[in-house]
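Note sheet for the following structure.
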Amino acid sequence: MGDIAVRALDAYLNLLEQKGAAVEVVLFRRNILRRLVQILRGQPRNRDVYRSAINALLSICPPGDRPAAMTAAREYYYFWLGDLQRLAQMNARAGFTTHHVRLPVLASFADLQQRMSEENFASFPPSLDIYLGKLYELGADDEVLAERAGLIKPLLYLLHGQAHHPDSFRTAVDAMLIHLTDDYARDSFLTISREFFYYWMTFPDAGVRQKKAELA
């Protein structure tokens, strides 16, 4: 690995340690990002090259490790570029994860939807209806509401049973991006997920609210 890439990787891992990441989290990311750096060796530093390298990395990861690998690669990107301004912005808005979240990865988005259907999954927190209701109040038509619901429900399926924490949400977003292969769908989902994050954090289900009340 090149010296610059090694220093960038060490800087990223040191930041995670400072933020309280467990040893196993740091070790996983060190191992996975070393593979990524090997793939990137000798390549120009730009977004297209990095995206191709992530795809190559995911292809050699066990399915259960792919969301966490994508999360690590996404966070490492600006270290690899050496973009200190973007890193400062990410740090200011708590844009780094310190938990290892394992999520299922299926062969396709259609397979994810099918599994939801087979399990009759309908355990959605209040945030979904509140978010869609707000869009309705703002004038969104039925097509827009259906698009939003069709992308948020699988996200909530992935999040079901996970800790109600921003790290879980970010990793679930990365898992969804793995399932979505169409660029338009991925871009739409990213916009929607950013909108929905506030609602998910603010209006969790009753079990989460009860736990928070017990800890208060």
Nearest non-hydrogen partners of [X] and [Y], listed with the distance:
X    : Y    : value
L151 : M176 : O-CE, 3.4 Å
I32  : A72  : CG2-CB, 4.1 Å
A56  : S59  : O-OG, 2.6 Å
P204 : P126 : O-CD, 3.4 Å

Spatial distance of atom [atom1] ([X]) from atom [atom2] ([Y]) [nearest 0.5 Å]:
X    : Y    : atom1 : atom2 : answer
L155 : H160 : CG    : NE2   : 13.5 Å
T171 : H165 : OG1   : NE2   : 10.5 Å
M70  : L177 : CE    : CG    : 4.5 Å
L156 : F124 : CG    : CZ    : 6.5 Å
R34  : L36  : CZ    : CG    : 13.0 Å
I60  : I39  : CD1   : CD1   : 4.5 Å

Side-chain touch [X]/[Y], heavy atoms, less than 4.5 angstrom:
X    : Y    : answer
L15  : L13  : no
V25  : H99  : no
H100 : D167 : no
Y77  : R47  : yes
S108 : H179 : no
P67  : V105 : yes
F196 : L132 : no
E143 : E147 : no

Decide whether Y157 and E119 meet the rule of one side-chain donor and one side-chain acceptor closer than 3.5 Å.
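The criterion, which ignores hydrogens and geometry beyond distance, is satisfied for E119 and Y157.
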Exercise: do T97 and R74 side chains pair donor with acceptor under 3.5 Å
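Result is no, nothing qualifies.
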Sub-3.5 Å donor-acceptor pair from the side chain of [X] to the main-chain atoms of [Y], do we have one?
X    : Y    : answer
Y50  : A73  : yes
Q162 : A172 : no
S168 : A163 : yes
T202 : Y199 : no

Between L158 and L112, is a side-chain contact (heavy atoms from CB on, under 4.5 Å) present by the stated rule, with each step listed?
CA-CA 9 Å; L158 293 172; L112 178 60; 4.2 Å; yes
Tell me whether [X] shares a hydrophobic cluster with [Y], the cluster being built from Ile, Leu, Val, Met, Phe, Trp, Tyr side chains joined at under 4.5 Å.
X    : Y    : value
M90  : M201 : yes
L84  : Y76  : yes
L135 : Y198 : yes

Salt bridge check: are R170 and E75 linked by an N-O gap of less than 4.0 Å?
no
Would you call R66 and D174 a salt bridge, using N to O less than 4.0 angstrom?
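Salt bridge: no.
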Could you check whether atom [atom1] of [X] has more than 12 heavy atoms from other residues, nucleotides or ligands sitting under 6.0 Å from it?
X    : atom1 : result
R45  : CZ    : yes
F121 : CZ    : yes
D141 : CG    : yes
K134 : NZ    : no

In this structure, which one of I4, N14, L33 forms a side chain to side chain contact (heavy atoms under 4.5 Å, CB included) with L9?
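Only match with L9 under side chain to side chain contact (heavy atoms under 4.5 Å, CB included): L33.
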Could you please spell out the steps behind the side-chain contact (heavy atoms from CB on, under 4.5 Å) verdict for F203 and D129?
CA-CA 10 Å; F203 306 106; D129 285 339; over 6 Å; no
Kindly determine whether V173 and F197 satisfy side-chain contact (heavy atoms from CB on, under 4.5 Å), including the steps that lead there.
CA-CA 10 Å; V173 167; F197 174 69; over 6 Å; no
I'd like to know whether R148 forms a side-chain contact (heavy atoms from CB on, under 4.5 Å) with E195, so could you lay out the CA-CA distance, the side-chain angles of the two residues, the decisive distance to 0.1 Å, and finally the verdict.
CA-CA 10 Å; R148 297 290 199 277; E195 291 178 358; 3.6 Å; yes
Quick one: which of W80, F79, Y78 gives a ring pair (Phe, Tyr, Trp, His ring centres under 6.0 Å) with Y12?
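Only match with Y12 under ring pair (Phe, Tyr, Trp, His ring centres under 6.0 Å): F79.
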